[in-house]
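Report on the following structure.
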Amino acid sequence: MPLNLFDTLSRTSRVIAPLDGKTLRFYCCGPTVYGPAHIGNFRTFVAQDVFRRVIEQGGLTTLHVRNLTDVDDKTIRDSQKAGQTLTDFTQHWTTKFHADCAALNLLPPHVEPSAVAHIPHQIRMIEKLIEGGHAYATPDGSVYFKVSSFADYGRLSHLEDRELKLGASSTASATDSDEYTKDSLADFALWKGKKADDGPNHWPSPWGDGRPGWHLECSAMSLEYLGEDFDVHGGGVDLIFPHHENEIAQSCCATHGKFAHHWFHVTHLLVDGGKMSKSLGNLYTLEQLGERGYTPVEVRYVLISGHYRTPLSFTLHSLDSARQALQKLAKFDKALREVTSLSGVISGTTPGPFAGAWETLSDDLNVPGALGDIFGIINKTKPASLTPDEAKVTLEGFHFLLYALGLQLPSLVEEATADVPADIAELAEKRWQAKQSKDWATADVLRKELEAAGWIIKDNKDGYQVLRK
RNA sequence: GGCGAGGUAGCAAAGUGGUAAUGCACUGGUCUGCAAAACCGGUAUGCGCGGGUUCAAUUCCCGCCCUCGCCUCCA
């Protein structure tokens, strides 16, 4: 079943099919490694991961490139604040980012290029742009892209009348000291001449020492690894303008290609009714949620539980809800395994009874709809009444979908009772004895004590279990 | 001001021109000394507001209100 995906440029859903007929090539704007990524950032990366998984489950191969922005205003500023070299500083946050990605079960990109490592590529691209009359150097050693030289500028964002909104921005101003040398306020930097507060962070270029402009990094790296034309380019909606608009301009003017043929943008995660962002101080990281007892798979579940083009409200309650939902999935898995006697990793190759969910997922990555379909099948299926063969087909179809969603089932709560402290075990035993002698009052008091300590008792006919609450 | 997205049950969130998936929460039952767990059920006459089109609109059209995002380096 081919995947239909909404394309920001044409504003329509289009079938995803590789330009070269074999490999789906896509580029994702990666993180700026100057601090911990928050779960809003990860909403985008998780959505891209589901996209890739669905493509691959559909039988296509992919070439997934996601960059690391390890040189820009913020990395330079904060590395100096931290008293570290830019390399040490960005390496630290890159390691952290990778750990979070692994925890969230994100498939690693096939190529993860570093911006710093591709400065020569960026310089070559700037040279081409200058040759073609699309860029110009200024006396301070910077190079700017000449927006007026690209007629299609604004097609992606539909912000075509640049002059109109210049007055509306609170930050843009014709007197910005950084930008006074530009021909037009709309022009953007390809290369930034060295400034005193950049410290040692500058590189040689034909226009003097300096550093690359942010937008150019992605153009240069996608060209290097994916070519002049490639299938899909993705990122958060906030990148549509100016970042992606500028990438299009640079790339189309520097090459003969059309750049990305399909644009995949993920809407923001909301918290407290608004955007989660570092500057607003309302962000959650995976680590912070972990301290509150939430697991990465629960976070992943929440992040995919809303359609990628719809704002999603994040709350701690949604994580609790996700925990219960995952338990329900895990119970279904266990019940099926008992009928089939299968264990270990199940790798389904077809959706089986979950074909409806797979179809839903293939329609613009409708994950919440697919989850609804999956639970619908689960509610109708009685594992115990299936033959081993039927259960096997169901289990494989179930795992086909779980893989596409990247959900790794948690262990069941009732199985997670490895270590019961001695004092708790003693209390539990006392309660059991009280119960055996039908001293209900004492038994109930003891049970309440255990509960207060964070443990619950589950009785059955001939014994009991002590479980973590 | 411009561009874009969204307003569906207590919370979250799908979906459809013919009478509302799903998860959580809540709740009835079975079980239990009572619970918990598990299992079997129940829970929106309603989809921001007002018009219109239609045999029929939450779904299409028009107007309005509200929320959120972007408008030069935020996923």
Side-chain angles (χ1 to χ4, degrees), chain A residues 8 11 28-32 37-48 69 72-74 147 154 157-162 164-172 176 178-179 185-189 192 213-217 234-243 245-246 265-270 273-280 301-302 305-307 309-315 317-326 328-329 331 360 366-376 378-379 382 413-414 435 438-440 443-444 447 451 456-461 464-465 467 469:
Chain A
T8 312
R11 315 253 163 180
C28 303
C29 292
T32 299
H38 58 72
I39 59 169
N41 296 316
F42 280 115
R43 182 185 193 192
T44 298
F45 300 133
V46 168
Q48 290 165 344
T69 296
D72 79 324
D73 292 355
K74 291 175 299 221
V147 166
S157 58
H158 292 203
L159 290 174
E160 287 164 56
D161 191 345
R162 303 276 296 161
L164 251 182
K165 58 192 188 328
L166 286 175
S169 167
S170 58
T171 52
D176 271 359
D178 190 29
E179 306 184 339
L185 205 50
D187 294 351
F188 55 91
K192 294 181 151 191
W214 179 55
H215 307 298
L216 191 63
E217 300 173 359
V237 283
D238 55 335
L239 296 182
I240 293 173
F241 188 87
H243 186 54
E245 198 71 76
N246 291 354
H265 288 107
V266 181
T267 297
H268 286 300
L269 186 69
L270 302 182
K275 189 168 84 163
M276 181 178 298
S277 76
K278 198 165 191 171
S279 54
L280 294 174
Y301 189 96
V302 170
S305 69
H307 186 91
R309 286 199 286 129
T310 302
L312 175 65
S313 302
F314 173 82
T315 60
H317 176 257
S318 63
L319 286 168
D320 294 328
S321 176
R323 173 169 298 173
Q324 293 310 120
L326 285 162
K328 187 164 177 174
L329 295 175
K331 280 170 197 160
T360 301
N366 186 351
V367 175
L371 284 170
D373 293 342
I374 289 170
F375 281 108
I378 288 176
N379 290 338
K382 308 293 167 227
V413 165
E414 63 194 70
K435 183 183 160 162
K438 300 200 190 295
D439 180 359
W440 311 129
D444 288 351
R447 185 167 61 198
E451 261 190 58
I456 52 173
I457 298 290
K458 189 174 156 188
D459 287 339
N460 40 46
K461 275 174 243 145
Y464 62 94
Q465 273 184 287
L467 306 168
K469 203 170 177 180

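- With sequence neighbours left out, A/L269 forms a side-chain contact (heavy atoms from CB on, under 4.5 Å) with A/I39, A/R43, A/M276, A/L303, A/L312, A/F314.
- Listed by chain and residue number, nothing satisfies the side-chain contact (heavy atoms from CB on, under 4.5 Å) test with A/S313 (two or more places apart in sequence, or in another chain).
- Atom CG of A/L329 sits about 7.5 Å away from atom CG of A/L371, to the nearest 0.5 Å.
- Under the rule for a ring pair (Phe, Tyr, Trp, His ring centres under 6.0 Å), A/F375 has no partner lying at least two apart in sequence or in another chain.
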Using a 4.0 Å heavy-atom cut-off to protein, can you give one letter per nucleotide of nucleotides 27-35 of chain B, 5' to 3': B if the base is in contact, S if only the sugar-phosphate is, - if neither? ------BBB
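- Rounded to whole Å, the separation between the C1' atoms of B/A57 and B/G46 comes to 13 Å.
- The salt bridge (Lys or Arg N to Asp or Glu O under 4.0 Å) search around A/D320 returns none, not counting sequence neighbours.
- Among the atoms of the strands shown, none is found under 4.0 Å from any heavy atom of A/H243.
- Separating the CG atom in A/L239 from the CG atom in A/N246 is a distance of 11.0 Å, to the nearest 0.5 Å.
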Give the C-alpha distance, both sets of side-chain angles, the deciding distance and a yes or no for side chain to side chain contact (heavy atoms under 4.5 Å, CB included) between A/N379 and A/K328. CA-CA 10 Å; A/N379 290 338; A/K328 187 164 177 174; 3.0 Å; yes
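- The CZ atom of A/F241 sits 18 Å away from the C1' atom of B/A75 (whole-angstrom rounding).
- Taking atom NZ of A/K331 as the reference point, atom C1' of B/C24 lies 13 Å away to the nearest angstrom.
- Minimum atom distance to the side chain of A/N366 is reached by B/A14, of the listed B/U72, B/A14, B/C68.
- In terms of phosphate contacts, A/K382 brings a side-chain nitrogen or oxygen within less than 4.0 Å of OP1 or OP2 of B/C40.
- With sequence neighbours excluded, the residues satisfying ring pair (Phe, Tyr, Trp, His ring centres under 6.0 Å) with A/H243 are A/W214, A/H215.
- With both ends at atom P, the span from B/A13 to B/G69 equals 16 Å, rounded to whole Å.
- Separating the P atom of B/U22 from that of B/U43 is a span of 11 Å, rounded to the nearest Å.
- Distances shown here put every side-chain N or O of A/N379 at or beyond 4.0 Å from the OP1 or OP2 atom of B/A21.
- Nucleotides B/G51 and B/A56 have their P atoms positioned 16 Å apart, rounded to a whole Å.
- Distance A/H268 NE2 to B/G69 P: 9 Å, rounded to the nearest Å.
- In terms of the side-chain contact (heavy atoms from CB on, under 4.5 Å) criterion, residue partners of A/H307 (sequence neighbours excluded) are, by chain and number, A/R309, A/T310, A/D364, A/N366, A/P368.
- Of the residues in residues 38-48 of chain A, those placing a heavy atom less than 4.0 Å from an atom of RNA chain B are A/H38, A/G40, A/N41, A/T44, in numerical order.
- If you check every strand for non-hydrogen atoms under 4.0 Å, A/D238 touches a base.
- Between A/K192 atom NZ and A/D73 atom CG the span is 4.0 Å, to the nearest 0.5 Å.
- Residue-to-nucleotide contacts include a donor-acceptor pair under 3.5 Å from the side chain of A/K192 to the base of B/C73.
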Paired and unpaired positions of RNA chain B as dot-bracket, Watson-Crick or G-U wobble under 3.5 Å, | denoting a partner strand: (((((((..(((.........))).(((((.......))))).....(((((.......))))))))))))....
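- Residues that satisfy the side-chain hydrogen bond (donor to acceptor under 3.5 Å, both in side chains) test with A/T360, not counting sequence neighbours, are A/D373.
- Residue A/K275 places a side-chain atom within donor-acceptor reach of the base of B/C74, judged by atom type and a 3.5 Å distance cut-off alone.
- Taking CD from A/Q324 and CG from A/L319, the interatomic distance works out to 12.0 Å, rounded to the nearest 0.5 Å.
- Comparing the same atom, C1', in B/A75 and in B/C62 gives a spacing of 36 Å after rounding to whole Å.
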Using a cut-off of under 3.5 Å, enumerate the N/O to N/O pairs linking the protein to nucleotides 5-13 of chain B.
from, atom 1, to, atom 2, distance (Å)
B/A13, OP1, A/S313, N, 3.2

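- The side chain of A/L270 has B/C68 as its nearest neighbour among B/G69, B/C71, B/C68.
- Projected onto RNA chain B by closest heavy-atom contact, A/G372 and A/L269 fall at different nucleotides, the more 5' of which corresponds to A/G372.
- The gap from the P atom of B/G10 to that of B/C26 amounts to 15 Å, rounded to the nearest Å.
- Distance check on atom C1': B/G15 versus B/C49 gives 22 Å, rounded to whole Å.
- A gap of 13 Å separates the P atoms of B/U27 and B/A35, to the nearest Å.
- Results of the side-chain contact (heavy atoms from CB on, under 4.5 Å) test with A/Y301 over A/V46, A/V367, A/L326 single out A/L326 as the only residue that passes.
- In this structure, the nucleotide among B/U72, B/U22, B/G69 sitting nearest to the side chain of A/F375 is B/U22.
- By the salt bridge (Lys or Arg N to Asp or Glu O under 4.0 Å) test, A/K435 pairs with A/D459, sequence neighbours left out.
- Rounding to the nearest 0.5 Å places CD1 of A/I456 at 9.5 Å from CD of A/Q465.
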